[in-house]
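Take a look at the structure set out below.
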Amino acid sequence: MQAVWQGSQASRPSLAQSRRDAQTGAGHGRSVPGSDALGRADIRSRINAIETVGSRCYTPRMRPTPLSRWLTRVALIMATCVAASTVAAPPATAQPSGLTLKSLSFASKRVDVREQSVAVTLTWTVRNTNPEAEYLSGSVRLRMAGSTPGTYVGTTRDINFWLYSSWEGVRHVSGDAQESTYEYDFVVPRYGKTTSALWVVAGFNASDDKGATLTLEGAQLAGHRPWLKARTLVDSTPPTIASIESQSKLSYVYVGSPPAGLGYDARLQDSQAGFWKGTLRVVGPDGQILTGDFEAKSSSWEQDCRPPSFGGDITDCPILVDVPAGTVSGVWQIADLTLFDNVGNETTIVPPGTAPVTLTSNEVVSVSDFSATPNPVDNWSQDATTRIRLDVEGAQNGISTVRVDFEMPWCQLDGSGPTIDPDGAVSVGVIVRRHAQECIVNGVLVVGGAGNAAVYGYQWGTDPLLIINRLPNTTPPTASAVVLTPTTVSRSQAAHTTPTLTMQVTAPVAPLTGYDLNFYDSAGSLVANYGGGAGTAPDGTLRLYAHLPYGIAAGTYSYGFTLHDASGLRSSYGVNGQPLPGGPLEITVTDD
């Protein structure tokens, strides 16, 4: 079988710089006299939890504090916000009645993971006022906080939970659908962007079997103080790439409808915080760019872009670059790969040695007809040959390449190369192996002498609709000149006698493959039967060997038989079949 185709993140201002800007008014167009180190304008810009339309909030004076204290003050600010207008914004997510998050908290608010990872238990309780509810499920989303409130960095950790079940490390501790408690031991990563990292519950959702749902995001969870601060080692190095290669060896891809895609497999390495996400850029003619984004997943439900189950610092990621209709034809090649680790370190790499791919919409070279001559082919007894013919248009400087991809390996090109037939069609030789019932053409590639290509394949909606069929068979095998020897045997010699049927078999299309041999008494009742595979000699002779049953009684017996060929057709002779040529095949067993 021959294959046809293969188919700097901007730096953010530091917290210290934001404070200096607040003191000087930088970025706000004015100074803020009398403000604390953060400044009211900066406070309002960095607390995305305060979204009240037409309102103003009193901000207590406070000294520069660690980020954990700052988040505590955020909750206080939200609690003491005084509306300056009667017009209020609707909540970010309307909460239906019934389900509520009664409590959610980490067992410890601070942990030191510089020496080794530490597991901290996260516990939450869900309450449901609907007495008819019988089941509950949901998820908790853990994220590392970014440099500003409301932002996050690193892989999302989705923790799924179910009532009465423990899965993915989540434990159902107690309760029923009206109130239930769960625990999860969060193993805190050892690395951060600086010497500390803040882990927060960024989202929570739950639903019951009666249709009630609960969704809480960001600030809606602040009342539960859902954060954990860790002292960490500093990760200052971005990920590296071990390898990247195309997911297939196909070097030509059709661009049209449905949209195509370029698939790659990347092996990434980060021995500290671990790989987070990346972007692959592919460049084509005139500098046009296609991109594909990919991201590591933390849930066991995800099958892509996950570290090996046995651990380690290697992450294998499939990457898909979508190729929309209208993408310019020509040679496309990987331009670069941008990678982020789980604390936000970034790098851009130009990977070497990745084979280019040629995109084509068949707008220059095209094929208007696909056919095979002869079709069907007679490959019942031996390999057959045929030629695939193509009406090629638009090729300049002749044809340099014609390749065909078949669905199964018992059909293949004969290796002789394309020829131009007297009528101008391009043809290539094909070998159809014996026993192949059909040859389905999955793809055809034609490359003109000027380098322009046309590609056809069912997976892109351009199926060549070409099938090379086997010659159909409607004639079953027939027997003639059938002779039985011996025709008489004594009982004492019956066990040592091998009755033999000799005949001429005619199988004009499909060869003989087997037989069934039946032994009847004088009343026509079946006494014994035999069967197996069979083939004729070159001159059509067939011999069938039988034996007489042990302890056979004296009397007259007869044989009948059925022949079947490779196509499944059968012919039966004797009892319950057509008359035997030359009369019944009888054998007489005599007493001694």
Return yes when atom [atom1] of [X] has more than 12 non-hydrogen atoms of other residues, nucleotides or ligands closer than 6.0 Å, and no otherwise.
X      : atom1 : value
Gln396 : CD    : no
Gln437 : CD    : no
Arg434 : CZ    : yes
Arg231 : CZ    : no

Keeping the roles fixed (side chain from [X], backbone from [Y]), state whether a donor-acceptor pair exists under 3.5 Å.
X      : Y      : answer
Asp421 : Asp423 : no
Asn342 : Ala273 : yes
Asn160 : Ser139 : no

- [ ] Work out which heavy atom in Thr291 is nearest to a heavy atom in Arg281; give both atom names and the distance.
- [x]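 So the minimum-distance heavy-atom pair works out to CG2-CG, 3.9 Å.
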Task: Salt-bridge present (Arg433, Asp383; N to O < 4.0 Å) - done: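 Between Asp383 and Arg433 there is a salt bridge, with a charged N closer than 4.0 Å to a carboxylate O.
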TODO: Answer yes or no: is there an ion pair linking Asp208 with Lys210, defined by an N-O contact shorter than 4.0 Å?
DONE: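 Salt bridge flag = no for Lys210 with Asp208.
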Task: The single option from Trp227, Phe186, Tyr152 passing ring-ring contact (aromatic ring centres under 6.0 Å, His included) against Trp199 - done: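 Of all the options given, the one that passes is Phe186.
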Open item on the list: Please confirm whether the ring centroid of Tyr184 lies under 6.0 Å from the ring centroid of Phe161.
Closed with: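 Centroid separation for Tyr184 and Phe161: 6.0 Å or greater.
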